[in-house]
Structure formats: C-alpha cells, structure tokens
Protein chains: 2
Amino acid sequence: MNIKEAAERTGLSAHTIRFYERSGLFPKIKRSKNGIREFRDSDVNFLIFMATLKKTGMSLEDISEFTKDGCILERLEAGEMPKEPVRNRLSILMDHRNKLLEQQRNIELFINAVTQKISFYESYIEGTDNKEAEDFKDGRNKV
Amino acid sequence: MNIKEAAERTGLSAHTIRFYERSGLFPKIKRSKNGIREFRDSDVNFLIFMATLKKTGMSLEDISEFTKDGCILERLEAGEMPKEPVRNRLSILMDHRNKLLEQQRNIELFINAVTQKISFYESYIEGTDNKEAEDFKDGRNKV
DNA sequence: TTACACCTTTGAGTTGACTCTAAGTCAAGT
DNA sequence: ACTTGACTTAGAGTCAACTCAAAGGTGTAA
C-alpha cells in the first residue's frame, strides 16, 4: 500500500511518517522501482505500535533506540538473530512498562483529586453543603 | 518563602515558575517591597495542582484558561464570587477528568500489549516455548 | 568592605516534534 | 497531449515549553 493509505491506517500524517523514517524511527520501508514506499501490513503494525509508545509518553529518541536493530521478528523466525539486541529491546520495554505502571498510579490519584475539586465546585454552584467539599477547603487547596 | 524554596517544594525550576507567572498561568504572586516574590503555602499548593494538571497532559494554554479567574476560593469564602467563573472551571475539570479516564483505559490496554511483547522476547532469550508468544507472532505484530 | 548567595528583568536560544514548501517525477484517465 | 493527483526530496518554518544569559539590585556574614 502507498503512504496515503498507511497514513490513514496509522492515524499519522504522511508527512509525519516520512519524518519518522528520516529520523530512523523505523527500518527503511521497501520502495518500488520508482522510489515509492510500499507499506506491508507488518510495517503498518509496527507504526501503530510505535505510535502507541509515543502516545504513552515515550520520546522519539527512545523509540529509535528501541527500533534500531530493525525488524527482529523476521530474523528470529529465520533463526539468525543474535540475543543481544533482543535483550536491549526487552530492557527498554520493561523500563517503559514501569513508567506506565507509575503513570497508571498517578492518574488514579489525580482522578481522585480532580473529582474532589469537581464536587467542591458543584456544591458551591448548587448552594448545597457538602462534607467532602468542606474537608477540601482546609487550606491545602486554596484554588 | 522565596522562589527557591517554592521551586524545591513544587519540583519546578525557579526559571519555570517565573515563566509560568509571565505566561499568566497563575495569579501574580505577592511581592515584598523590593519586588521579591513571597510565596505562601497556598501559592505552592496551587502550583502543585497545576503541575499535576501538566503531568497528566493538560497544555499550558488550557491551564491558564482554568486559572484565569484567579484564586477563587478566597472570594468564595468572602461570599463575593460570581457563579460563572466557577461553572467555567467545573467544565474544564470535567473535560479533563474524561480525558484522564480515557487515558486510564488506554494505559491499561497498552500495558497488556507491552507485557505480551515482553513475554515474547523473554521466551526467545530463554529459548523456551511460550503459547502466548506464539499467538503474538501471528502476523499482527511483526516487530 | 568585600564577598557571596540570593533575588530581579527582558529578551534570546534550545529542544522536540512536527509541518510545510518548493521543485520535481510518475501513472492513469479523458 | 494534458490534467489530476498521487508520490519524491532537502531544507525551512512553526509551536510549545522551557532554559539561559546579561546586567543589575539586596541582604547577611566575615
């Protein structure tokens, strides 16, 4: 498929995909004889995974560290993959998973904080008294 | 307290705090007679709340929309706060909470995806067979 | 009094991540 | 043959969010 369809499927713009390739964020895409990129399903899946790494806060630099050894799976299946790059990927992914778990905890805490603030403002607008809101006003949250 | 201590307590740099004030991200901090910012605990709490909004993905622009009516609580207590700005804050917070809930769902999905990839790479390194890893290799994840 | 460690300002520089422009190629349709 | 709409490149431009620099003020301590 061409870059336009790949863009549609990944939710990235064609511009962005070219920019990513130039920046070494993923292995070079195969070209047709006139130099046009021909995306396979697996390329698109790779892009989608990268985009998800991105969405969950990984920097492009870290992503290119992750992808620098190219498409590992094909070589794994061919039995010609050294273990070192695989270990490298593994440690990047494990670090990222730890970050995600922390993010998950933070989000939960913050949802609670926001919910408290919401119920405080709500009770003000409704003119009702609200125990939670009163607690909230104890000076730790003068906003 | 001075800006240095406020920086330590909030985890922001003094530079960043000045930059935030300049950008209208929070109500101007009171100054001593020689123009030095004097932070109260409530200012620091406000900053921490803002920093958390930031950490959970709110843009500075949206944060300043949130804070543009200044320190509401003081005026609420004095009974001199119109309801409109409170409604405005409420709707910003509710939008943000929705985003957070979505983020929470996405992170969970992605933790699962990463965990699968991790167990695939692990089983490769250990040279063991792994049903999950085999499923994973079905062509949807050629990475 | 001199040194030091703070503080202040404005404006410029940096970084990351796009996003677009200009100038051009190529293939298919009318 | 010509138009249309894809594609290509290198390099420039944009935007958010800092981050720093220069030049100077203030207050305490030896």
Side-chain angles (χ1 to χ4, degrees), chain A residues 1-40 43-44 46-68 92 95-96 99 103, chain B residues 1-40 43-44 46-68 92 95-96 99 103:
Chain A
M1 86 194 72
N2 65 14
I3 200 168
K4 203 191 177 202
E5 198 182 334
E8 275 157 18
R9 291 211 203 169
T10 56
L12 301 165
S13 76
H15 277 312
T16 302
I17 292 175
R18 285 191 204 103
F19 167 75
Y20 281 180
E21 194 193 53
R22 235 198 307 178
S23 320
L25 248 78
F26 55 82
K28 301 263 182 236
I29 300 295
K30 299 256 160 59
R31 309 292 187 105
S32 71
K33 67 176 182 300
N34 27 354
I36 293 181
R37 291 172 190 81
E38 292 185 319
F39 292 78
R40 293 162 304 167
D43 296 324
V44 169
F46 198 172
L47 274 169
I48 290 171
F49 185 69
M50 279 182 33
T52 320
L53 286 169
K54 254 246 74 208
K55 262 189 253 164
T56 57
M58 192 182 282
S59 71
L60 299 193
E61 200 184 339
D62 288 351
I63 293 174
S64 66
E65 173 64 21
F66 176 79
T67 57
K68 72 163 189 244
I92 293 171
D95 284 357
H96 192 57
K99 278 182 205 147
Q103 223 175 303
Chain B
M1 87 193 72
N2 65 16
I3 200 168
K4 205 193 175 199
E5 199 182 333
E8 277 158 16
R9 292 211 202 169
T10 55
L12 300 166
S13 77
H15 277 313
T16 302
I17 292 175
R18 287 193 202 100
F19 166 75
Y20 280 1
E21 194 192 53
R22 232 197 309 177
S23 322
L25 248 77
F26 54 81
K28 301 263 181 234
I29 300 296
K30 299 257 159 55
R31 309 290 186 107
S32 74
K33 67 177 181 302
N34 26 353
I36 292 180
R37 290 172 189 82
E38 293 184 319
F39 292 78
R40 297 163 300 168
D43 295 325
V44 170
F46 198 173
L47 274 168
I48 290 171
F49 184 68
M50 277 181 33
T52 319
L53 286 169
K54 253 245 78 203
K55 262 189 254 165
T56 56
M58 193 183 279
S59 72
L60 299 193
E61 200 184 340
D62 288 352
I63 293 173
S64 66
E65 173 66 21
F66 177 78
T67 58
K68 70 160 193 249
I92 292 171
D95 283 357
H96 192 56
K99 278 181 205 151
Q103 223 175 305

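Please read these numbers as outputs of a predicted model, since none were measured by experiment. Chain letters run A, B, ... following the sequence lines, proteins first, then strands; residues in each count from 1.
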>> Pair B/Lys54, B/Met50 - check side chain to side chain contact (heavy atoms under 4.5 Å, CB included), show working.
In response: CA-CA 6 Å; B/Lys54 253 245 78 203; B/Met50 277 181 33; over 6 Å; no
>> Pair B/Leu25, B/Leu60 - check side chain to side chain contact (heavy atoms under 4.5 Å, CB included), show working.
In response: CA-CA 7 Å; B/Leu25 248 77; B/Leu60 299 193; 3.7 Å; yes
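Contact check for B/Met1 versus B/Asp43: no side-chain heavy atoms found under the 4.5 Å cut-off. Contact check for B/Ile29 versus B/Glu38: no side-chain heavy atoms found under the 4.5 Å cut-off. Side chains of B/Arg22 and B/Arg18 form no contact here, defined as non-hydrogen atoms less than 4.5 Å apart. You'll find the side chain of B/Phe26 stays beyond 4.5 Å of the side chain of B/Ile63, heavy atoms only. No side-chain heavy atom of B/Met58 sits under 4.5 Å from any side-chain heavy atom of B/Lys99. Side-chain contact check for A/Tyr20 versus A/Thr10: every heavy-atom pair is 4.5 Å or farther apart. Side-chain contact between B/His96 and B/Thr56: present, with at least one pair of heavy atoms (C-beta onward) separated by less than 4.5 Å.
Between B/Lys68 and B/Glu65 there is a salt bridge, with a side-chain nitrogen of the basic residue lying less than 4.0 Å from a carboxylate oxygen of the acidic one.
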>> Protein within reach of the bases, or only the backbone? For nucleotides 16-25 of chain D, mark each nucleotide 5' to 3' as B, S or -, using heavy atoms under 4.0 Å.
In response: -SBBB-----
Report, one pair per line, the protein and nucleotides 2-6 of chain D atoms (nitrogen or oxygen only) whose separation is under 3.5 Å.
from: D/dA6; atom 1: OP1; to: A/Lys4; atom 2: NZ; distance (Å): 3.3

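You can see that DNA chain C meets the heavy atoms of chain B within a 4.0 Å-exclusive cut from C/dC6 to C/dG11, reading 5' to 3'.
Distance NZ (A/Lys28) to P (D/dT8): 13 Å, rounded to an integer number of Å. We find that CD1 of A/Ile17 is positioned 17 Å from C1' of D/dT9, with the value rounded to whole Å.
At the heavy-atom level, B/Arg18 lies under 4.0 Å from base atoms of the strands shown.
Remark: A/Asn34 is not in phosphate contact with D/dC7, judged by side-chain N or O atoms under 4.0 Å from OP1 or OP2.
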